[in-house]
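Because the structure is a prediction, the values reported are computed rather than measured.
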Amino acid sequence: MALILSCSYVLHELLSANLDLLYFLSLVLIFADIYKNKRLTVKALGYIYLVVLYALLQIVLNDQIEIPRLVINVAKIFLNVFLFIQIKESKIPLPVWRKMAVYSSLLHVFLLAVSLAFKTQWLWRLDETVNIYQKTRLSLLYFEPSEASFHAALLVLLLVFFALREKSGSRNLLHFALIGANLVIVVLSAGMGGMFSLSLACVVMYLFYLKENFSTVRVLGLIALIFLAALSVLAVVNSNNSFYLRFNDIVNGNDGSVVYRFNVSFRVMKQMLLDTHYFGIGFGNLNTDTIHNTYAGFGLVDVISNSFMYALAEGGWLMLLLLAVFFLSLILPVRPEEKILKYALLFFIVSYQIAGGYFTNPVNWIVYGIIANPYLLRHSRSPNPVPAENLPAAGIQSTGTLELKS
């Protein structure tokens, strides 16, 4: 089961972002739940009940809404919410999550080797038009290079967490090798969002690690890492490469991508909310010809790149309210021993969605499910709760949630 989920993680955007294979996984889990007891399906319907009512209200208030797009978008939200609940209530232990991170990383290593041997358009963006600083970017089998950066960065974060907990030198050797391979993908994909989110999350994780395991050696290690990071930054600056040129433009406010993601996106979202009296333009309706033509004068090109601004522009005040309640429900129940992983994941996913990404990307909701899961770190004091070689396979029990078969 771990291998199947790992393949789903690496290959889920193989067809397209709109035909995400994780949507089909969510559908399979829904059918399995309906066959068992319908418990999670009913709960997911309860979660999006207000969204459905609000969508009907948007149809009444706005005669320009394209109803098929609205229905598809609400359906995607439902599939993601179900996936979130499934992960939230699953009892998959940490060693199985570790196996999934390792298997996914090994698949990345294989694809990276193939991509370096054969520079084809299936694995690379060979004529980049968005990023003017780097014309060739690695995308692997993801929808775009920034998604490759995001997926590899998430694996790095999980592997860092497992490395901090691990006592076995041989296992940590594997962890560090896979971390290195995923970092190569992050660099070759040139995804600044993934780099920034990963850096921020790793700092958060290590600070909580120091708080739990304070020692002089670990503090000296942190100082050494900061020193090495400073030297790396100086080397990049002196080399005058594309990363430095882009970072310099970002700092000076001259990077078109960053300006669009924040300044232009905020201006467009604000105008959309004002024009609709804060009810939003309609779920799934931002990427339509009508909206493009209406807001082109405000700088809109294709879509709003900021994931949360995108959701607010479409969902209005209800989406703002639901997001506020959702994040409070994630943060408040976190126990002290869980902060090292869950706060790092929260900083990672939120900062990445602010920088870009897709609001209805199922991986976002899987990460939120991990953060909300009350069972995951219940025995976190034990560095190796279950020996990996003795792990049973994950499956679906009678409760309808993902568990371990006995």
Side-chain angles (χ1 to χ4, degrees), residues 17-20 22-27 29-31 33-34 38-89 265 268-270 272-288 290-291 303-304 306-332 346 349-350 353-354 357-369 371-372 400:
N18 288 321
L19 287 176
D20 197 303
L22 289 176
Y23 291 145
F24 295 103
L25 174 62
S26 185
L27 277 173
L29 292 172
I30 288 171
F31 288 134
D33 178 66
I34 291 173
K38 306 180 182 65
R39 184 175 65 86
L40 297 184
T41 305
V42 171
K43 185 174 288 189
L45 288 171
Y47 269 62
I48 71 158
Y49 175 71
L50 284 177
V51 173
V52 173
L53 290 181
Y54 195 76
L56 294 174
L57 179 63
Q58 286 182 322
I59 293 174
V60 173
L61 296 176
N62 188 348
D63 58 2
Q64 293 185 334
I65 285 180
E66 295 187 16
I67 296 178
R69 286 180 177 271
L70 181 142
V71 171
I72 292 171
N73 191 258
V74 171
K76 286 183 179 179
I77 294 174
F78 172 71
L79 293 174
N80 283 322
V81 167
F82 183 88
L83 205 55
F84 162 76
I85 296 172
Q86 182 71 250
I87 299 299
K88 176 186 175 183
E89 300 195 7
S265 293
V268 172
M269 178 199 71
K270 179 182 176 182
M272 287 177 175
L273 292 174
L274 288 173
D275 291 346
T276 59
H277 304 287
Y278 297 93
F279 280 94
I281 59 173
F283 295 110
N285 274 255
L286 199 152
N287 192 20
T288 62
T290 300
I291 294 299
V303 295
I304 292 176
N306 186 304
S307 180
F308 294 117
M309 290 186 191
Y310 193 118
L312 293 175
E314 289 192 339
W317 61 266
L318 178 68
M319 188 57 71
L320 177 62
L321 176 63
L322 291 178
L323 285 174
V325 173
F326 177 70
F327 282 113
L328 285 175
S329 71
L330 289 180
I331 297 169
L332 295 179
L346 188 62
I349 196 65
V350 170
Q353 284 193 266
I354 290 173
Y358 304 95
F359 185 75
T360 53
N361 185 341
V363 175
N364 298 341
W365 296 88
I366 290 174
V367 173
Y368 287 132
I371 296 169

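A centroid separation of 6.0 Å or more is found between the aromatic rings of F78 and Y47. The ring of F326 has its center closer than 6.0 angstrom to the ring center of W365.
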Pair N80-T360, side chain to side chain donor-acceptor pair (under 3.5 Å): steps then yes or no: CA-CA 7 Å; N80 283 322; T360 53; 4.8 Å; no
Decide side chain to side chain contact (heavy atoms under 4.5 Å, CB included) for Y54 and V51; before the verdict, give the C-alpha distance in whole Å, the side-chain angles of both, and the deciding distance to 0.1 Å. CA-CA 5 Å; Y54 195 76; V51 173; 5.7 Å; no
Side chain to side chain contact (heavy atoms under 4.5 Å, CB included) between Y23 and L83, worked out: CA-CA 9 Å; Y23 291 145; L83 205 55; over 6 Å; no
Report the C-alpha distance between L79 and I30 in whole Å, list the side-chain angles of each, state the deciding distance to 0.1 Å, and finish with yes or no for side chain to side chain contact (heavy atoms under 4.5 Å, CB included). CA-CA 9 Å; L79 293 174; I30 288 171; 3.7 Å; yes
Test side chain to side chain contact (heavy atoms under 4.5 Å, CB included) applied to I85 and V81, step by step: CA-CA 6 Å; I85 296 172; V81 167; 4.0 Å; yes
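The OG atom of S307 sits 8.5 Å away from the CG atom of N361 when rounded to the nearest 0.5 Å. If you take CD1 on I371 and CZ on F84, they are separated by 9.0 Å, rounding to the nearest 0.5 Å. Once rounded to the nearest 0.5 Å, the distance linking CG of L29 with CG of L25 reads 4.5 Å. Here the CG-CE distance, from L274 to M269, works out to 9.5 Å after rounding to the nearest 0.5 Å. Note that the OG1 atom of T41 and the CD1 atom of I34 stand 4.5 Å from one another [nearest 0.5 Å]. A distance of 13.5 Å separates OG in S265 from CZ in F308, rounded to the nearest 0.5 Å.
In this structure K88 satisfies the salt bridge (Lys or Arg N to Asp or Glu O under 4.0 Å) test with no other residue, sequence neighbours excluded.
Counting only heavy atoms from C-beta outward, the side chains of L322 and L318 approach each other to under 4.5 Å. The shortest side-chain heavy-atom distance between F82 and L27 does not fall under the 4.5 Å cut-off. Side-chain contact between Y368 and L330: present, with at least one pair of heavy atoms (C-beta onward) separated by less than 4.5 Å. Contact of the M272 side chain with the I291 side chain is registered, since non-hydrogen atoms from C-beta on lie closer than 4.5 Å. F359 has its side chain out of reach of E314: every pair of non-hydrogen atoms, C-beta onward, lies at least 4.5 Å apart. V42 has its side chain out of reach of D33: every pair of non-hydrogen atoms, C-beta onward, lies at least 4.5 Å apart.
No donor-acceptor distance shorter than 3.5 angstrom exists from the side chain of Q58 to the backbone of I65, with no hydrogens or angles considered. With N73 contributing its side chain and F283 its backbone, the two residues share no donor-acceptor pair below 3.5 Å.
Pairing each heavy atom of V303 with each of L286, the nearest pair is CA-CD2, 3.8 Å. Nearest heavy atom pair, residue A55 against residue L70, reads CB-CD2, 3.7 Å. In terms of heavy-atom proximity, I304 sits nearest to A313 at CD1-CB, 4.0 Å. Heavy atoms only, all atoms of each residue included: I87 and I366 are closest at CG2-O, 3.8 Å.
The salt bridge (Lys or Arg N to Asp or Glu O under 4.0 Å) pairs that include a residue from residues 50-67 are E66-R69, where partners are two or more places apart or lie in different chains.
No more than 12 heavy atoms of other residues, nucleotides or ligands shown are found within 6.0 angstrom of CD1 on I67. Taking a 6.0 Å sphere around CZ of F327, one finds it holds more than 12 heavy atoms contributed by other residues, nucleotides or ligands.
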